[in-house]
Amino acid sequence: MTSEAPRHPLPPFTAESAAEKVRLAEDGWNGRNPGKVALAYTPDSKWRNRAEFVQGRAAVEDFLTRKWAKELDYRLIKELWAFDGNRIAVRYAYEYHDDSGNWFRAYGNENWEFDENGYMAHRHASINEHPIAEEDRKFRWPLGRRPDDHPNLSHFGF
């Protein structure tokens with residue numbers, strides 16, 4: 001639990017509030033501001049991201065700083081998969097290129113657990129990625145928040 005101001009929406013989640021929490025997380029990650037994104041997690045948050053284990057808000061910020069320094073022009077779509085009480089499961093895909101101009105698409109699933117104030121205390125991510133040609137990219141909105149009228153993952157069959 002954190003003593004910081006509540007971060008709405010709060011658990012227990014409904015279908016509507018879980019979908020809102022997912023979209024807020026997507027928006028934050030698409031903003032690619034590690035310090036701001038890290039504030040959504042508890043100070044002692046625990047992560048598993050692929051084979052990397054991260055603990056604490058400062059480590060989350062460091063992780064995201066490294067991630068977005070390598071994954072350029074990053075664009076992400078998250079979609080609610082399931083929810084119960086203070087837990088949410090999402091699936092997602094993101095596209096980025098490296099510093100040599102090679103494009104990639106990553107697919108994954110995350111399991112999230114929140115404290116009573118709406119901060120994420122646990123994040124478990126499984127991710128697979130593969131190279132794609134630039135012309136095969138699907139996520140082409142201007143950097144930042146995905147427009148509301150942009151297709152979601154289900155539209156693409158991802």
Looking at Glu79 and Arg23, does any basic side-chain N land under 4.0 Å from a carboxylate oxygen? no
Linked, directly or transitively: Leu64 and Tyr96 (ILVMFWY side chains, under 4.5 Å): yes
Taking 4.0 angstrom as the limit, do Glu4 and Arg57 come out as a salt bridge? yes
Criterion side chain to side chain contact (heavy atoms under 4.5 Å, CB included) on Ile77 and His150, from CA distance to verdict: CA-CA 10 Å; Ile77 299 177; His150 189 279; 4.1 Å; yes
Taking the six-membered ring where the residue is Trp, are the ring centres of Phe13 and Phe83 under 6.0 Å apart? no
All pairs passing salt bridge (charged side-chain N to carboxylate O under 4.0 Å, His left out) where residues 31-40 contributes a residue, at least two apart: none
Hey, is CD on Glu134 packed in by over 12 heavy atoms from elsewhere, all under 6.0 Å? yes
Check whether the side chains of His97 and Asp73 place a donor and an acceptor atom closer than 3.5 Å, and report yes or no. yes
For Lys21 versus Pro9, what's the shortest heavy-atom pair and its separation? NZ-O, 3.0 Å
Going only through I, L, V, M, F, W and Y residues with side-chain contacts under 4.5 Å, is there a path from Phe156 to Leu80? no
Specify the closest pair of heavy atoms between Ala93 and Phe139, including all atoms of both residues, with the distance to one decimal. O-CE1, 3.4 Å
Do Tyr41 and Tyr119 make a side-chain contact, defined as non-hydrogen atoms from C-beta onward lying under 4.5 Å apart? no
For a quick test of reading the model, state the closest non-hydrogen atom pair linking Ser154 to Arg91 and the distance between them. OG-NH2, 3.4 Å
Do Glu110 and Lys78 meet the salt-bridge criterion of a basic N to acidic O distance under 4.0 Å? yes
What distance do Trp141 atom CH2 and Arg75 atom CZ have between them, rounded to the nearest 0.5 Å? 7.0 Å
Stepwise side chain to side chain contact (heavy atoms under 4.5 Å, CB included) check, Glu113 with Ser45: CA-CA 10 Å; Glu113 184 176 85; Ser45 182; over 6 Å; no
Where do Arg146 and Asn30 land on the side chain to side chain donor-acceptor pair (under 3.5 Å) test, with the steps shown first? CA-CA 8 Å; Arg146 176 174 55 99; Asn30 278 326; over 6 Å; no
Considering only residues two or more places apart or on different chains, which pairs with a residue in residues 98-109 satisfy salt bridge (charged side-chain N to carboxylate O under 4.0 Å, His left out)? Glu95-Arg105
Any heavy-atom pair between the side chains of Ile132 and Phe104 that's under 4.5 Å? no
Joint cluster assignment, Met120 & Ile127, ILVMFWY side-chain distance < 4.5 Å: yes
Any idea how His124 and His122 line up, ring-wise: parallel (<30°), tilted (30 to 60°), or perpendicular (>60°)? parallel
Please determine whether side chain to side chain contact (heavy atoms under 4.5 Å, CB included) holds for the pair Arg50 and Glu129, giving the CA-CA distance in whole Å, both sets of side-chain angles, and the decisive distance to 0.1 Å. CA-CA 11 Å; Arg50 300 180 195 224; Glu129 67 188 0; 3.4 Å; yes
ILVMFWY cluster, Val60 and Val37 together (side-chain gap under 4.5 Å): yes
Below 6.0 angstrom between ring centroids: does that apply to Trp47 and Phe63? yes
Candidate pair Leu153 and Phe158, rule side chain to side chain contact (heavy atoms under 4.5 Å, CB included), full reasoning: CA-CA 5 Å; Leu153 294 183; Phe158 293 164; 4.1 Å; yes
Less than 6.0 angstrom separating the ring centers of Tyr107 and Tyr94, yes or no? no
Do the side chains of Val22 and Ile88 get nearer than 4.5 Å, heavy atoms only? yes
When you compare the side chain of Ser126 with that of Arg48, does any pair of heavy atoms fall below 4.5 Å? yes
Tell me if a side-chain donor or acceptor on Asn111 pairs with a main-chain N or O of Ala89 at a distance below 3.5 Å. no
Does Trp103 have Arg137 sitting over its ring (NZ/CZ under 6.0 Å from centre, angle to axis within 45°)? yes
Going by atom types alone, do Asn49 and Arg123 pair a side-chain donor with an acceptor below 3.5 Å? yes
More than 12 foreign heavy atoms under 6.0 Å from CG of Asp84: is that the case here? no
Give a yes or no on whether a salt bridge exists between Asp62 and Arg66, defined as a side-chain N under 4.0 angstrom from a carboxylate O. no
Proximity of Trp68 and Trp29 rings by center, below 6.0 Å: yes
State, to 0.1 Å, how close Ser17 and Pro12 come at their nearest heavy-atom pair, and which atoms those are. OG-O, 4.5 Å
Which heavy-atom pair separates Asp115 from Pro11 by the least distance, and what is that distance? O-CG, 3.3 Å
Side chain to side chain contact (heavy atoms under 4.5 Å, CB included) against Ala40, all qualifying residues, sequence neighbours excluded: Arg7
